[in-house]
Amino acid sequence: MTDSYTLPSQVQLLPATPQLKGLMTIIRAKDTPRADFIFYADRIIRLLVEEGLNHLPVINKDVETPTGATYNGIDFEGRICGVSIMRAGESMEQGLRECCRSVRIGKILIQRDEETHQPKLFYAKLPKDIASRYVLLLDPMLATGGSAMQAVQVLLENNVQEDRIIFLNLIASPEGIDAFVKKYPKIKIVAGEVDETLDENKYIIPGVGDFGCR
């Protein structure tokens, strides 16, 4: 992210810790072996899911501890589900399952036309009660924002409320963020890092290349 770029208020970045920078360095290196790429990307995904869960509404809940004392805690308000944007978004499903037991996960297949760079919807399978749930939308890369915006449109057509969607991605471009928040200002984006720009082929720079093929 360049110094001149102002991050919209809808975007929450993971804290820029040495741990995160080290993990990003590993997955960005072109000579990182596939097994290492998957392992360290999974660690970042877990951090994203944990941060995404922090943005869900909560209610007060008191529990009795084994000592007989009362602990003033909280509980999540409502139910959640994940929706992955295939194919790359499927790589984030395990991280969500590790944080949320028995979570329901839907899938949306959107592919980009390499000539027009426009997204095309091919397939969608969502939980039947998705309209009553908070949705964690999963896609590791936010480049042009076209696929993500198309996926959100599918969710809205299935009666999901816009302000109940949280979009999780590892790396985003300023162009993708601006396009996304302009169209869907009520959606929170949780990202690992924001990169500099897009190249002439609409790939994020410096990026990680094609995430799904790494």
Side-chain angles (χ1 to χ4, degrees), residues 1-17 20-30 32 37 40-45 47-49 51-52 55 82-92 95 108-121 135-155 162 165-214:
M1 183 171 61
T2 61
D3 294 337
S4 61
Y5 181 65
T6 301
L7 200 66
S9 60
Q10 296 95 325
V11 181
Q12 176 68 52
L13 293 182
L14 293 180
T17 62
L20 179 62
K21 194 69 173 180
L23 295 172
M24 285 290 187
T25 301
I26 293 172
I27 70 169
R28 289 177 184 271
K30 67 177 183 179
T32 295
F37 178 86
Y40 292 106
D42 281 348
R43 286 188 59 188
I44 301 174
I45 290 166
L47 295 174
L48 284 170
V49 172
E51 179 59 31
H55 295 275
V83 173
S84 61
I85 301 177
M86 299 165 65
R87 295 178 305 156
E90 292 178 301
S91 66
M92 303 177 71
I108 297 175
L109 175 59
I110 296 171
Q111 294 183 336
R112 185 173 70 170
D113 188 304
E114 294 303 325
E115 293 184 359
T116 66
H117 304 299
Q118 297 302 309
K120 291 183 178 181
L121 173 63
V135 177
L136 298 181
L137 185 62
L138 312 174
D139 196 0
M141 309 296 288
L142 174 55
T144 65
S147 296
M149 289 187 285
Q150 178 91 34
V152 170
Q153 185 59 41
V154 173
L155 295 177
E162 183 178 329
I165 301 170
I166 300 174
F167 182 29
L168 309 182
N169 56 86
L170 280 76
I171 299 172
S173 74
E175 296 92 333
I177 288 174
D178 290 343
F180 188 92
V181 300
K182 181 179 181 180
K183 188 168 185 179
Y184 299 115
K186 296 181 181 180
I187 296 178
K188 172 74 72 174
I189 299 174
V190 178
E193 288 185 340
V194 177
D195 276 10
E196 297 172 9
T197 189
L198 299 176
D199 67 10
E200 64 275 8
N201 296 314
K202 305 302 182 183
Y203 284 103
I204 300 175
I205 299 298
V208 297
D210 190 331
F211 191 96
C213 296
R214 291 287 304 272

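These numbers were taken from a predicted model, which means no experiment stands behind them.
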Item to check | Over all atoms of both residues, closest heavy-atom pair of A151 and I85 | outcome: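 Reported closest heavy-atom pair: CB-CD1, 3.7 Å.
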Checklist outcome for this item: Taking every heavy atom of I166 against every heavy atom of G52, the minimum-distance pair comes out as CD1-O, 3.6 Å
Checklist entry - Can you tell which of I171, L168, I189, D195 makes a side-chain contact (heavy atoms from CB on, under 4.5 Å) with L142? => result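 It is I189, the one option of I171, L168, I189, D195 that forms the side-chain contact (heavy atoms from CB on, under 4.5 Å) with L142.
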Can you name the residues that form a side chain to side chain donor-acceptor pair (under 3.5 Å) with [X], not counting sequence neighbours?
| X | result |
| --- | --- |
| D199 | none |
| D42 | none |
| E175 | T197 |
| R43 | Q19 |

side-chain contact (heavy atoms from CB on, under 4.5 Å) partners of [X], counting only residues at least two apart:
| X | answer |
| --- | --- |
| A88 | D139, P140, F211 |
| A29 | D31, T32 |
| E51 | Q12, L14, N54, H55, V190 |

Just verifying a value: how many Å separate [X] [atom1] and [Y] [atom2], rounded to the nearest 0.5 Å?
| X | Y | atom1 | atom2 | value |
| --- | --- | --- | --- | --- |
| T17 | L47 | OG1 | CG | 7.5 Å |
| I204 | T144 | CD1 | OG1 | 9.0 Å |
| L137 | N169 | CG | CG | 9.0 Å |
| M24 | L170 | CE | CG | 5.0 Å |

Item to check | Test log, rule side chain to side chain contact (heavy atoms under 4.5 Å, CB included), inputs I177 and L7 | outcome: CA-CA 9 Å; I177 288 174; L7 200 66; 4.3 Å; yes
Checklist entry - Quick one: ring-ring contact (aromatic ring centres under 6.0 Å, His included) partners of Y40, sequence neighbours excluded? => result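 For Y40 there are no ring-ring contact (aromatic ring centres under 6.0 Å, His included) partners, ignoring immediate neighbours.
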Checklist entry - By salt bridge (Lys or Arg N to Asp or Glu O under 4.0 Å), which residues pair with E90, not counting sequence neighbours? => result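 With neighbours one apart ignored, the set is K107.
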In a table with atom names and distances, give each donor-acceptor pair under 3.5 Å that connects a side chain of residues 179-188 to protein atoms at least two apart or in another chain.
from: Y184; atom 1: OH; to: M149; atom 2: O; distance (Å): 3.4
from: Y184; atom 1: OH; to: Q153; atom 2: OE1; distance (Å): 3.2

Next on the checklist: side chain to side chain contact (heavy atoms under 4.5 Å, CB included) for Q150 and I108? Distances and angles first, verdict last.
Outcome noted: CA-CA 9 Å; Q150 178 91 34; I108 297 175; over 6 Å; no
Next on the checklist: Could you tell me if the side chain of P8 sits less than 4.5 Å from the side chain of D178, heavy atoms only?
Outcome noted: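 D178 reaches P8 side chain to side chain.
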Item to check | Step-by-step side chain to side chain contact (heavy atoms under 4.5 Å, CB included) determination, L136 to M92 | outcome: CA-CA 11 Å; L136 298 181; M92 303 177 71; over 6 Å; no
